[in-house]
Amino acid sequence: MSRLSLMIIAVLAVLNVFGFTTPGCRPPVYLQSVTIEGPLTVPPLFVTENENEEVGSFRLKVGASAAPAQKIEGRADGHSKVNEAGVFVVDTVIRNGERYFIEPPGVNTHTFEGTNFRWTLAPLTVSIEADFLIARGMSLVGGLHCSKQASQTYLAGTLGVGFGFRSRNLGFRFDVGAAWTSVSHKVEYILAAERGPLLGPRETYILFLESQGTSGHMNVYGGFTLNTRYPNWPIQVFVQLAIYRQTVDDLQRRTSFGDAVVLQSNSFFTVTPGISIPLSPNAKLLLGLRLTDETSLIVGEPGMLLAPFAHVAFEL
């Protein structure tokens, strides 16, 4: 037997005796529970009516949205396997005075079918948005939003561009941009790591972790708005279709098991019908109902979220 072979055998024997684990990448992270409080992202909504808008014109819109307390509940991807009762089972072991959690083999073999995601929405949001025409048919759009939920205040902001077009009796507008929204989160997650000798039985050790706080995240949105502009109609009609994602937690944590990364984002599709009522030559009242569907949860309830709103828009 060669000297190199003898050295390899000796190294493996030492590792086996002292219980070293093989080096690896990040340990598996399982998302056990996510609890969110705060507002949804609100894409900007401006109708395209005035035929005589000039470059440099400015529109300001203030408003509020209020709704009864609503919740999004469902199953987010990434939960650990569970036993037949839907419970993640571990054994508590005391070794050398230290407590460890070890997953027993052959017990957690079933796919989780319960609810591990809950989002309580802010019932009241006030906002101010501005639309500045920087070129023919092109606007710079920005907005600030403030939501109140219990004793907590949440802030949000949007910044993007809008592209408006007109036909004889219709207005069309495309909006794209970025939105920053703050929410409160409580996330419970676990890390799993196999430990034991290379040439002997290995055990799966479990580390329970929790993160709680308030944070804001940046995401993108896109929207399309269609509105009527019939000169002889006392009230005009509009509808907006919008899609966006909203990150609710983005956690990075260094542990004895390795680096843990948890990212949870939700996708939404919104339909917003409404009416536009002239108040004066330079002001109008917008009344609408925002219908929002969460599309990324494996199982999500309710099917549709409702948020009525009222905005007053001024042309300056």
Side-chain angles (χ1 to χ4, degrees), residues 39-65 125-145 156-181 219-246 268-293 305-316:
L40 295 177
T41 295
V42 181
L45 192 160
F46 284 91
V47 296
T48 305
E49 291 183 355
N50 191 350
E51 186 74 41
N52 300 316
E53 283 185 326
E54 297 181 356
V55 174
S57 63
F58 182 79
R59 288 189 289 176
L60 185 67
K61 182 159 65 73
V62 296
S65 175
T125 298
V126 294
S127 61
I128 180 170
E129 295 178 316
D131 177 277
F132 180 67
L133 194 66
I134 57 176
R136 184 67 175 173
M138 181 178 179
S139 298
L140 181 65
V141 186
L144 294 174
H145 309 267
T158 57
L159 182 64
V161 291
F163 302 92
F165 308 91
R166 299 171 181 82
S167 68
R168 180 177 179 182
N169 295 314
L170 295 175
F172 311 88
R173 180 176 169 119
F174 296 92
D175 281 276
V176 293
W180 180 92
T181 309
N219 295 105
V220 297
Y221 66 83
F224 169 71
T225 305
L226 171 68
N227 63 269
T228 61
R229 48 192 302 271
Y230 289 90
N232 57 340
W233 284 16
I235 295 176
Q236 304 295 333
V237 179
F238 65 83
V239 62
Q240 183 190 61
L241 309 178
I243 57 173
Y244 58 93
R245 288 185 64 83
Q246 186 168 345
F268 297 92
F269 174 68
T270 300
V271 180
T272 306
I275 59 174
S276 173
I277 305 172
L279 299 178
S280 73
N282 296 316
K284 60 175 65 72
L285 173 66
L286 277 69
L287 301 175
L289 179 64
R290 192 173 293 111
L291 310 172
T292 303
D293 183 31
L305 301 166
L306 308 179
F309 64 86
H311 294 164
V312 178
F314 303 93
E315 295 186 13
L316 304 177

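Numbers for residues simply follow the sequence, beginning at 1.
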Tell me, do [X] and [Y] make a side-chain contact under 4.5 Å, heavy atoms counted?
| X | Y | answer |
| --- | --- | --- |
| Leu291 | Leu306 | yes |
| Val176 | Val161 | yes |
| Val62 | Phe314 | yes |
| Lys284 | Gln236 | no |
| Phe163 | Phe172 | no |

Nearest 0.5 angstrom please: [X] [atom1] to [Y] [atom2], how far?
| X | Y | atom1 | atom2 | value |
| --- | --- | --- | --- | --- |
| Leu286 | Phe309 | CG | CZ | 6.5 Å |
| Ile277 | Leu287 | CD1 | CG | 5.0 Å |
| His311 | Ser276 | NE2 | OG | 12.5 Å |
| Leu45 | Thr270 | CG | OG1 | 10.5 Å |
| Leu133 | Leu140 | CG | CG | 10.5 Å |
| Leu289 | Ser65 | CG | OG | 9.0 Å |

side-chain hydrogen bond (donor to acceptor under 3.5 Å, both in side chains) partners of Thr48, counting only residues at least two apart: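 Result, side-chain hydrogen bond (donor to acceptor under 3.5 Å, both in side chains) vs Thr48: none returned.
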
Report the residues that fulfil salt bridge (Lys or Arg N to Asp or Glu O under 4.0 Å) with Asp131, sequence neighbours left out, ordered by chain and then residue number.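 Only Arg59, Arg173 meet the salt bridge (Lys or Arg N to Asp or Glu O under 4.0 Å) criterion with Asp131.
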
Partner residues of Lys61 under the salt bridge (Lys or Arg N to Asp or Glu O under 4.0 Å) criterion, sequence neighbours left out: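 Lys61 satisfies salt bridge (Lys or Arg N to Asp or Glu O under 4.0 Å) with Glu129 only.
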
Has the side chain of Thr228 got a donor or acceptor atom that lies under 3.5 Å from a matching backbone atom of Leu170?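 Side chain of Thr228 to backbone of Leu170, a donor-acceptor pair under 3.5 Å: no, none is there.
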
State whether the side chain of Gln246 and the backbone N or O of Pro39 hold a donor-acceptor pair below 3.5 Å, judged by distance alone.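 At least one qualifying donor-acceptor pair exists.
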
Closest non-hydrogen atom pair between Val141 and Gly162, with its separation: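 Minimum heavy-atom separation between Val141 and Gly162: CG2-N, 4.1 Å.
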
Might you point out which heavy atoms bring Gly160 and Tyr221 nearest each other, and give the distance in Å?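 Taking every non-hydrogen atom into account, CA-OH, 3.7 Å.
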
I'd like to know whether the aromatic ring centres of Tyr244 and Phe268 sit less than 6.0 Å apart in this structure.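 Yes, the ring centres sit under 6.0 Å apart.
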
Stepwise side chain to side chain contact (heavy atoms under 4.5 Å, CB included) check, Thr158 with Val42: CA-CA 8 Å; Thr158 57; Val42 181; over 6 Å; no

Just wondering, are more than 12 heavy atoms of other shown residues or ligands nearer than 6.0 Å to CG in Leu285?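 Count over threshold, so yes.
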
Measure up the Phe174 and Phe165 rings against each other and bin them: parallel (under 30°), tilted (30 to 60°), perpendicular (over 60°).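 Geometry flag for Phe165 against Phe174: perpendicular rings.
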
